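Just so we're clear, the structure is a prediction, and the values are computed from it rather than from any experiment.
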Amino acid sequence: MFDLTGRKALVTGATGGLGGAIARALHAQGASVTISGTRRAALDALAGELGERVHVAEANLADKESVEALVPGAEAAMGGLDILVNNAGITKDNLFMRLKDEDWDTVLAVNLTAAFRLSRAAVKGMMRRRFGRVVNISSVVGATGNAGQGNYAASKAGLIGMSKALAAEVASRGITVNAVAPGFIESPMTDALNEKQRGAILGTIPAGRLGTGAEIAAAVVYLASDEAGYVTGHTLHVNGGMAML
Amino acid sequence: MSDIAERVKKIVVEHLGVEAEKVNENANFIDDLGADSLDTVELVMAFEEEFNVEIPDDAAETIVTVGDAIKFLEKNAG
């Protein structure tokens, strides 16, 4: 089940905890993986760990030209692109009334506009090959909202709407488009929380623990697989019961 | 019939799975040949590939019949 041998994947934000876990999981199922991120050293370290079937593509997703070079580069390196995982995401949190235009614009550009441009580019080749998987990494916050994250929540909700619209357009060509919405996941960001903050968060999660990157990656592997070919336009919530949607 | 016309018709027949005799110059991709809007995008992509030419979006919108495609490509291809 969920064998990805011969499939070619592009994962953005692969230097982050979540993106790294997703790249590892796709690779472990047999896929070739192009890992993209802003930090060259971290990309090279991950590539070294994975060994074969890995390509590195440094990219700044806030930059239009950098985004537009990514899919053609990945297609050239791997000889095609079957799986696109739009994982890259940033936060610039602030109370809504204090949110600056540039904090709004940057978060939307990286989290949503880059995913739009990459999906638009990737779907072209996928249509020709009559197979494709686009997986957009959203967030529980995209469905529930969260104080202090107006820009981030908007971008993550935007990914869900965009996934559904694109899914409807390309379903007849063997391409599925889905979202995965993680809840609270163990990461450098959550490691930085103090005991009190941690306790407060855990109190809202029926599972009583944070999720792991591997648990999110498993959802991505499923949606990328041949077996998930009839699942499209869906948002798979992986949040320990924090929000049952 | 020009070489370009032949190649255009071959692409249309292959892509839309229609009978060759239906693919005349007056045939409208959507009304006569059963294409959906996504098919028309794919046809334009196929023409671009076959003739190694870029078809801008505003030009693509004017290509609604087989004859439109042939005329555009005769003017702009190789």
Side-chain angles (χ1 to χ4, degrees), chain A residues 8 10 64-65 67-84 113-136 161-178 229-234, chain B residues 3-20 22-23 27-66 68-70 72-78:
Chain A
K8 294 143 187 147
L10 168 62
K64 184 170 186 271
E65 279 163 30
V67 171
E68 285 178 346
L70 206 42
V71 166
E75 286 177 331
M78 298 185 293
L81 180 61
D82 305 303
I83 302 163
L84 169 64
T113 308
F116 154 65
R117 292 192 173 121
L118 293 171
S119 302
R120 181 178 58 183
V123 157
K124 224 173 168 182
M126 290 173 177
M127 292 223 306
R128 207 171 281 138
R129 292 184 291 274
R130 293 288 190 265
F131 180 89
R133 297 284 185 264
V134 179
V135 182
N136 293 316
M162 187 183 79
S163 301
K164 291 177 180 178
L166 178 57
E169 286 187 27
V170 298
S172 64
R173 302 303 194 269
I175 303 168
T176 68
V177 186
N178 292 286
Y230 204 54
V231 179
T232 195
H234 184 66
Chain B
D3 166 57
I4 284 179
E6 272 308 314
R7 283 153 74 194
V8 165
K9 287 181 184 179
K10 186 162 174 274
I11 287 170
V12 174
V13 167
E14 277 173 9
H15 188 85
L16 298 179
V18 290
E19 289 160 29
K22 277 192 171 172
V23 186
N28 182 297
F29 292 120
I30 292 172
D31 296 336
D32 300 320
L33 301 177
D36 63 21
S37 57
L38 202 55
D39 286 318
T40 63
V41 173
E42 285 188 294
L43 278 171
V44 165
M45 279 161 48
F47 296 146
E48 288 180 327
E49 211 163 284
E50 168 76 17
F51 296 97
N52 198 22
V53 60
E54 197 162 321
I55 304 177
D57 287 345
D58 53 344
E61 281 167 24
T62 68
I63 299 177
V64 296
T65 67
V66 176
D68 293 337
I70 293 169
F72 178 89
L73 291 165
E74 281 177 342
K75 205 187 291 178
N76 296 285

Looking at [X] and [Y], what are the two nearest heavy atoms and their distance?
X	Y	answer
A/V170	B/L38	CA-CD2, 4.2 Å
B/M45	A/K124	CE-O, 3.4 Å
A/R173	B/D36	NH2-OD1, 3.5 Å

message: Other residues, nucleotides and ligands only: do more than 12 of their heavy atoms fall within 6.0 Å of CG on B/D31?
response: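 Yes, enclosed.
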